[in-house]
*Asks:* 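Please find one structure pasted underneath; my questions will follow.
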Amino acid sequence: MNKTNTSNLSRRDFLKVTGAGLGGLMVAASAAGQAHAASGEGLPLPEQWALLYDATKCSGCRECEKACKRYNNLPEEDVEDLSGNTFTLIKLYQSEDGSEKSFRKYQCMHCVDPACAASCPVSALHKLENGPVVYDSYKCIGCRYCMQACAFGVPRYDWSLAYPFIRKCEMCYHRETGPACAEICPKQALIFGKRGDLLEIAKLRIAVNPGKYYEDRVYGEFEGGGTSVLILSGVPFEAIGLPALDHQPLPDRTQWALNIVPVIFFGVGGVMHAIYEATRRKARKQAEEA
Amino acid sequence: MASITFPIIKKKVSIGAVILMALAALGVFAAFFRWIDGFSQVSNLSDSRPWGLWISFDLLVGVPISAGAFILAATVHIFHIEKYKPILRPALLTGFLGYLLVIIALLVDLGQPQRIWHMLIYRNLHSPLFEVGMCVMTYTAVLFLEFSPPVLEKLGWTGLLQAVKKISIPVVILGVTLSTMHQSSLGSLFLIVPFKMHPLWYTPLLPLLFLVSAIAVGFGMVIFECTLSHQVMGGEVRKDIFQGLAKGMLATLSVLLAVKLGDLIYAGELGLLLDGSLQSKLFILENLVGIILPIAILLVPKLRRSVRWIFRAGMLTLIGLILYRLNIGLVSMAGAPYLPSWMELSVTVGLFSAGILVFGLALKHLPLEEGECAHGD
């Protein structure tokens, strides 16, 4: 014969203990609301810092790479991709028959709603009020979720170290005249300005040169919820390695699951409590009958 | 069983235990190498493969195979189904050990392991990983409380034992709630990569699939560890317990199959199954081995009554879950080709060996007698 449950917990004790847990969660939930409000603050989007890269104007001189290295104190290295010591890189794409050519500047796209910042569990990556997506190394735990989450493969790691940090372009946010790469560009292929102004310039170029630009549109106006690095290209965006994203910000796809967390917490907790009460009565009755 | 006598401690240790100890020692060596020397010297991780074996196996498999603890705790303490009481303690022990191993693996994988506590002060409530981290931390504490009674009994600390028993029900409920949250949130981790993940695996239902597959393998693991501890401790197998677990596993696997299939049909991705790519073959393998085969076995009434076949179905479910999580972590994601280095593998194998050793020690030395699967009253 089975004994009845060892626990002789009173209802009050139950509420006390569960209450402590719930209280903690509610603090968390209200903090979430504040955090969300905070991300809505900052400069209006058209006023934020941005870069416009026109691949048709780029001559591939790579002065931008050198300026970046100088300003960020990065060692020279011979790499084919962004790395822990290379925050920006010019690459040449060529179609198989050689008829189509284009350069492409790789760097952080400074998304309007960055996946890296949403995924970082310790808020080490975050978007500044004026646009740049920056990194606080002192918070970072090195989980590399940002590298996994970024659709552009931008965040990099110093794999040779035992305690590495994330490395990426921060749009020279502490530099008064804006990014060093844009300042040095001799062809005006890369220009720095307010996002609203740059979008206008890009659209003007499209209007003045019909048929010159791929699909007559600006990459980054809406992709993944918009980016602060806008790109014009004469060849298909996919050909120069820009992912085909839709217009939904990537963090939105996670947010719904996080929004139902309080529902799960209270729902599952409540249902479990109800089942506990119901089955305890039944178990007791059975024990008495036996 | 063959054994080796150690002259220093003058005790006989079985060959199996010696091998496990050697593997665990190798794992410790590899882990220290990573902490002292760096990632590239130890692992095959790279910028396009930031998550490798440690995340895909130690975390994505380690957490669900510890799910038996919350399932059984709920069954016994909340649903008051006393039949399963004898197997509750070993399940809680497996769960507790499982989460400890997950945390140790994370300390190896994290670039700044000394800052793991930063989650407490630099919270980001938009990050599913933050939720997973907080739940894993809290739930490990919950499991510690849930498993503490046999240890306290052994130590004879009756006062503390009474206190723990008094709060046991809210703790169990908290455990079930936290488990529901983080078992599903492990799937939410991948919601943010719709353009990097193969469409056969990417679905907005990932959190649900992760939760349901964790429950299924929770049953499978309990079946597995009951068989194991029965073989270590001897005694007769309680058939009704095994059959009950098998029923639970069958029901959960059926739900999992229905959701996965329905999702593929709804997304119009059934055609991808037959495109002959490596991904499609691995996807078919994962579902055939881990879902369809065990369902088929358990649907046959004769096999469903056999302890041996229930064990086999449980093992298939476990293998299927491992395939599913490795596919998610390593196969489905776009990136450079990756195979774990032998040092990465050593850490993973070493941690699991250590887990089995500690489980064996606890079986011998802790009063888990409530906990034997072997005997009835």
Side-chain angles (χ1 to χ4, degrees), chain A residues 1-2 5-7 9 13-14 17-18 21 28 31-32 35 81-83 115 118-124 139-145 147-149 151 153 156-157 159-165 243-245 250-251 253-255 257-258 261 264-265 268-269 272-273 275-276 279-280 282-283, chain B residues 34-41 45-48 50-51 74 77-80 82 85 109-116 118-119 122-131 133 165-174 176-177 180-181 184-185 188-189 191-196 204 207 333 377:
Chain A
M1 168 55 36
N2 282 322
N5 199 310
T6 47
S7 164
L9 172 92
D13 286 333
F14 173 82
V17 177
T18 322
D81 258 312
L82 296 180
S83 81
S119 56
C120 179
V122 291
S123 315
K139 294 178 183 167
C140 182
I141 57 172
C143 69
R144 309 186 292 283
Y145 189 23
M147 304 176 73
Q148 191 80 294
R156 301 278 149 160
Y157 215 44
W159 293 100
S160 61
L161 303 177
Y163 300 89
F165 290 106
L245 308 179
L250 290 167
R253 293 172 207 259
T254 309
Q255 196 53 47
L258 290 169
V261 164
I264 294 179
F265 189 89
V268 173
M272 286 299 138
H273 185 206
I275 292 173
Y276 169 75
T279 53
R280 183 173 61 160
K282 209 171 129 196
Chain B
R34 173 260 164 277
W35 283 322
I36 292 163
D37 230 35
F39 278 95
S40 27
Q41 291 83 340
L45 297 170
S46 67
D47 281 331
S48 72
W51 284 0
H77 288 310
I78 296 175
F79 289 77
H80 293 100
E82 301 268 328
K85 207 167 179 182
D109 184 80
L110 286 180
Q112 307 285 339
Q114 76 283 10
R115 293 178 175 175
I116 193 167
H118 273 195
M119 280 203 202
Y122 301 119
R123 299 171 295 263
N124 179 12
L125 296 145
H126 300 289
S127 169
L129 191 57
F130 170 76
E131 194 207 333
K165 283 196 168 165
K166 209 171 173 191
I167 57 164
S168 73
I169 296 306
V171 165
V172 168
I173 293 180
L174 187 63
V176 175
T177 311
T180 313
M181 283 157 71
S184 56
S185 300
S188 309
L189 287 182
L191 288 177
I192 206 160
V193 291
F195 301 100
K196 278 181 160 180
M333 296 291 291
D377 299 19

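Side chains included, hydrogens not; waters and symmetry mates left out as well; all remaining heavy atoms used. Computed from a predicted structure; not experimentally measured.
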*Asks:* With only heavy atoms counted, which part of B:Leu189 is less than 4.5 Å from chain A, the side chain, the backbone, both or neither?
*Replies:* both
*Asks:* So which part of A:Pro243 gets closer than 4.5 Å to some heavy atom of chain B, the side chain, the backbone, both or neither?
*Replies:* neither
*Asks:* Are the side chains of B:Ile78 and A:Thr279 in touch, meaning some heavy atoms are under 4.5 Å apart?
*Replies:* no
*Asks:* Tell me, out of A:Ser83, A:Ala257, A:Ala151, A:Ser160, who's got the most heavy-atom pairs with chain B below 4.5 Å.
*Replies:* A:Ser160
*Asks:* Taking the side chain as C-beta and beyond, is there a heavy-atom pair between B:Val172 and A:Met272 under 4.5 Å?
*Replies:* no
*Asks:* Quick check on B:Pro50 against chain A: is it the side chain, the backbone, both or neither that has a heavy atom closer than 4.5 Å?
*Replies:* both
*Asks:* In Å, rounded to the nearest 0.5 Å, how long is the span from NE2 of B:His77 to CZ of A:Arg280?
*Replies:* 13.5 Å
*Asks:* Of the backbone (N, CA, C, O) and the side chain (C-beta and beyond), which part of B:Asp37 lies under 4.5 Å from a heavy atom of chain A, both, or neither?
*Replies:* backbone
*Asks:* Tell me, side chain or backbone of A:Leu161 under 4.5 Å from chain B's heavy atoms, or both, or neither?
*Replies:* backbone
*Asks:* For A:Tyr276 and A:His273, take the angle between the two ring planes, folded into 0 to 90°, and tell me which bin it lands in: parallel under 30, tilted 30 to 60, perpendicular over 60.
*Replies:* parallel
*Asks:* At a heavy-atom separation under 4.5 Å, does B:Phe79 approach chain A through its side chain, its backbone, both, or neither?
*Replies:* both
*Asks:* Please examine the side chains of A:Cys143 and B:Leu129, heavy atoms only from C-beta on, and report whether any two atoms are closer than 4.5 Å.
*Replies:* yes
*Asks:* Would you mind telling me which of B:Ser127, B:Gly133, B:Gly38 has the largest number of heavy-atom pairs within less than 4.5 Å of chain A?
*Replies:* B:Ser127
*Asks:* Can you see whether B:Trp51 engages B:Asp109 through a side-chain donor-acceptor pair at a distance of less than 3.5 angstrom?
*Replies:* no
*Asks:* Name the option with the most non-hydrogen atom pairs under 4.5 Å to chain A; the candidates are B:Pro207, B:Pro204, B:Ser46, B:Ala74.
*Replies:* B:Ser46
*Asks:* A side-chain contact here means heavy atoms from C-beta on lying under 4.5 Å apart; do A:Met147 and B:Asp47 qualify?
*Replies:* yes
*Asks:* Passes side-chain contact (heavy atoms from CB on, under 4.5 Å), B:Gln112 versus B:Gln114? Steps please.
*Replies:* CA-CA 6 Å; B:Gln112 307 285 339; B:Gln114 76 283 10; 3.0 Å; yes
*Asks:* Pick whichever of B:Leu45, B:Val176, B:Ile116, B:Val193 has the most heavy-atom pairs under 4.5 Å with chain A.
*Replies:* B:Leu45
*Asks:* Chain B heavy atoms under 4.5 Å from A:Ala124: which part of the residue, side chain, backbone, both or neither?
*Replies:* neither
*Asks:* Is the shortest heavy-atom distance from the side chain of B:Ser188 to the side chain of A:Leu258 under 4.5 Å?
*Replies:* no
*Asks:* A:Val122, A:Val268, A:Ile141: which one forms the most heavy-atom pairs within less than 4.5 Å of chain B?
*Replies:* A:Ile141
*Asks:* Given heavy-atom pairs under 4.5 angstrom as the criterion, report whether the side chain, backbone, both or neither of A:Ala115 touches chain B.
*Replies:* both
